[in-house]
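Reading through the structure tokens given below for one structure.
Below, chains carry the letters A, B, ... as their sequence lines are ordered, and counting in each starts from 1.
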There are 2 protein chains.
Amino acid sequence: LIVARDVEKIYKMGETEVHALNGVTVDIQDGEYVAIMGPSGSGKSTFMNLLGALDAPTRGSMTINGKDLAAQTPEQLAKFRGGTIGFVFQQYHLLPRTPAIENVELPLLYAGVPADARRERAAARLNQVGLGDRMDHLPSQLSGGQQQRVAIARALANDPRIVLADEPTGALDSKTSEEIMDLFENLNAEGMTLIVVTHEADVAARAKRRLTFRDGKLVEDDR
Amino acid sequence: LIVARDVEKIYKMGETEVHALNGVTVDIQDGEYVAIMGPSGSGKSTFMNLLGALDAPTRGSMTINGKDLAAQTPEQLAKFRGGTIGFVFQQYHLLPRTPAIENVELPLLYAGVPADARRERAAARLNQVGLGDRMDHLPSQLSGGQQQRVAIARALANDPRIVLADEPTGALDSKTSEEIMDLFENLNAEGMTLIVVTHEADVAARAKRRLTFRDGKLVEDDR
Ligand SMILES: Nc1ncnc2c1ncn2[C@@H]1O[C@H](COP(=O)(O)OP(=O)(O)OP(=O)(O)O)[C@@H](O)[C@H]1O
Ligand SMILES: Nc1ncnc2c1ncn2[C@@H]1O[C@H](COP(=O)(O)OP(=O)(O)OP(=O)(O)O)[C@@H](O)[C@H]1O
Ligand SMILES: [Mg+2]
Ligand SMILES: [Mg+2]
């Protein structure tokens with residue numbers, strides 16, 4: 001499903017260059033459940049952005065579902081992402097001044113799902129993450145953990161084939177976090193590929209495989 | 001130092017009311033090290049905003065250092081905050097398009113500290129949180145954990161008497177998180193009052209006292 005070969009990512013800041021990824025080679029199979037760990041600043045989110053076709057490598061190649069990302073146009077990438085990938089961003093990236101229910105409907109709106117079905121499917125996902133009574137709240141009217149759960153519901157709205165979750169339980173207490181991980185695990189059991197960045201040991205322990213990053217390199221791959 | 005009596009906070013959303021805090025009574029002494037825990041949405045951040053004089057209770061009273069918050073003007077509250085309280089927000093609230101060093105200088109700028117001393121003190125705090133090599137990065141050029149550490153450095157910049165930290169290690173790996181908590185603990189040992197919201201058991205275990213919130217009420221107070 002995902003094939004990465006000698007992937008490098010270099011950010012240019014004026015004269016200086018920041019080497020965020022320094023040659024990552026890894027294969028991820030369809031339906032796998034993978035955790036990604038590593039120190040702060042080690043390249044985890046940068047790698048997730050590439051997995052989600054949100055950015056391109058500076059060197060090396062990344063192929064998803066047989067498609068070489070570098071050979072796709074931005075429109076093709078957006079179409080591919082919309083139909084295949086659900087992303088839970090580390091910073092949530094919810095639309096401000098937009099109610100929770102509409103934030104969750106967004107992927108369905110892009111996919112052309114009619115209004116009634118959009119509303120119904122979005123409401124179902126918000127109920128699943130325990131926010132049935134907060135659907136009309138704007139992000140600024142929600143707690144940190146509630147905002148994170150809206151971001152999770154949005155990632156699941158369009159029944160994606162792959163979910164990329166970047167520290168999805170970082171703002172949640174242990175009970176709520178377990179409920180979210182149970183939800184992810186049930187979807188993985190039905191065939192969804194799940195890749196989760198986390199620094200919480202109990203979340204990583206649930207995955208079947210653990211990748212560890214350090215200074216932009218993949219240093220461990222445990223099953 | 002901090003005296004809260006029957007504190008309620010009600011958010012109005014059109015016709016509906018959200019009861020975020022339902023009568024909280026608690027005293028916090030000068031120099032204490034207190035952890036606040038509780039489920040997502042239970043009122044922790046709302047309570048921290050009141051402790052930081054960033055908001056006012058709907059009912060009940062909150063007194064800090066003998067000053068009744070309700071009796072202060074907005075200017076008096078801002079002056080009091082600037083000289084006394086360092087706040088690490090759950091969502092960081094860094095100034096975008098502003099380098100890390102300038103984000104950390106901000107409290108010193110408000111306090112009227114001259115430019116040379118500002119730069120020197122801000123750089124010292126960034127070094128303390130392990131970001132000596134990221135001072136010129138904008139928030140968008142930093143990882144999630146790095147942004148959080150900039151927010152921590154900013155809270156400490158003006159040597160506050162009280163630090164209110166809302167999930168300060170939520171985006172950090174365990175090693176970086178220990179380094180940050182060691183820094184806080186050393187400052188607490190020197191007399192700084194420390195109040196930390198966390199859902200991580202190992203962070204809460206370090207505090208001398210643990211308050212637990214549930215549905216806007218203080219349900220436990222363990223020493
Ligand atoms: N501006 C607002 N308008 C309406 N309701 C709000 C507003 N801000 C917060 N709330 C509600 O108040 C309750 C308490 O929120 P608070 O942010 O204090 O929770 P918390 O304990 O910090 O949760 P978390 O662990 O998820 O950060 C939540 O149910 C939230 O939906
Ligand atoms: N736009 C950018 N410009 C320059 N440097 C960047 C940019 N984005 C990220 N970086 C740097 O790239 C490195 C990797 O960042 P990344 O966000 O992938 O880390 P991470 O492993 O997700 O960390 P965290 O656990 O703190 O979220 C960091 O050192 C960061 O400072
Ligand atoms: Mg990250
Ligand atoms: Mg909160």
Side-chain angles (χ1 to χ4, degrees), chain A residues 11-16 18 20 37-46 48-49 89-92 94 96 99 129-131 133-134 136-149 166-167 169-177 179-180 197-202 204 212-214 216, chain B residues 11-16 18 20 37-46 48-49 89-92 94 96 99 129-131 133-134 136-149 166-167 169-177 179-180 197-202 204 212-214 216:
Chain A
Y11 294 108
K12 287 208 183 2
M13 286 178 62
E15 297 305 315
T16 51
V18 179
M37 302 186 85
S40 172
S42 57
K44 302 182 299 296
S45 293
T46 302
M48 290 284 274
N49 288 339
F89 298 98
Q90 189 171 8
Q91 313 284 350
Y92 317 152
L94 297 177
V129 298
L131 291 178
D133 60 347
R134 290 288 184 268
D136 300 324
H137 283 234
L138 308 178
S140 62
Q141 300 170 324
L142 294 169
S143 77
Q146 290 169 340
Q147 289 177 42
Q148 186 160 51
R149 283 183 278 157
D166 198 341
E167 312 228 18
T169 61
L172 302 177
D173 57 282
S174 36
K175 184 164 160 293
T176 309
S177 155
E179 289 163 14
I180 294 297
V197 170
T198 184
H199 56 81
E200 295 177 40
D202 49 359
T212 304
F213 277 69
R214 194 174 299 286
Chain B
Y11 294 109
K12 290 213 181 7
M13 285 177 63
E15 298 304 315
T16 52
V18 179
M37 303 186 85
S40 172
S42 57
K44 302 183 298 296
S45 293
T46 301
M48 290 283 274
N49 288 339
F89 298 96
Q90 189 170 7
Q91 313 285 348
Y92 317 153
L94 297 178
V129 298
L131 291 178
D133 61 347
R134 291 289 185 266
D136 301 324
H137 284 232
L138 308 179
S140 63
Q141 299 171 322
L142 293 169
S143 77
Q146 290 169 338
Q147 290 177 42
Q148 186 161 51
R149 283 183 279 157
D166 198 341
E167 312 229 19
T169 61
L172 302 177
D173 58 281
S174 37
K175 184 164 160 293
T176 310
S177 154
E179 288 163 16
I180 293 298
V197 170
T198 184
H199 61 264
E200 295 177 40
D202 48 359
T212 305
F213 277 70
R214 193 174 299 286

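Among B/Gln91, B/Gln147, B/Glu167, the residue with the largest count of heavy-atom pairs under 4.5 Å with chain A is B/Gln91. When each of B/Glu200, B/Met37, B/Gln141 is checked for heavy-atom pairs under 4.5 Å with chain A, B/Gln141 comes out on top. Among B/Gly38, B/Ser174, B/Ser45, B/Ala171, the residue with the largest count of heavy-atom pairs under 4.5 Å with chain A is B/Ala171.
Only the side chain of B/Gln90 has a heavy atom closer than 4.5 Å to any heavy atom of chain A. B/Thr169 touches chain A through its backbone: at least one of N, CA, C or O sits under 4.5 Å from a heavy atom, while the side chain does not. When heavy atoms are compared at a cutoff of 4.5 Å, A/Gln146 approaches chain B by way of both its backbone and its side chain. B/Gln148 does not touch chain A: none of its heavy atoms, backbone or side chain, sits under 4.5 Å away.
Taking the side-chain contact (heavy atoms from CB on, under 4.5 Å) definition, one finds that B/Asp173 meets it with A/Pro39, A/Ser40, A/His199, B/Lys175, B/Thr176, sequence neighbours left out. Qualifying ring-ring contact (aromatic ring centres under 6.0 Å, His included) partners for A/Tyr92, counting only residues two or more places apart in sequence or in other chains: none.
Closest non-hydrogen pair, A/Val18 versus B/His137, comes out as CG2-CE1, 3.7 Å.
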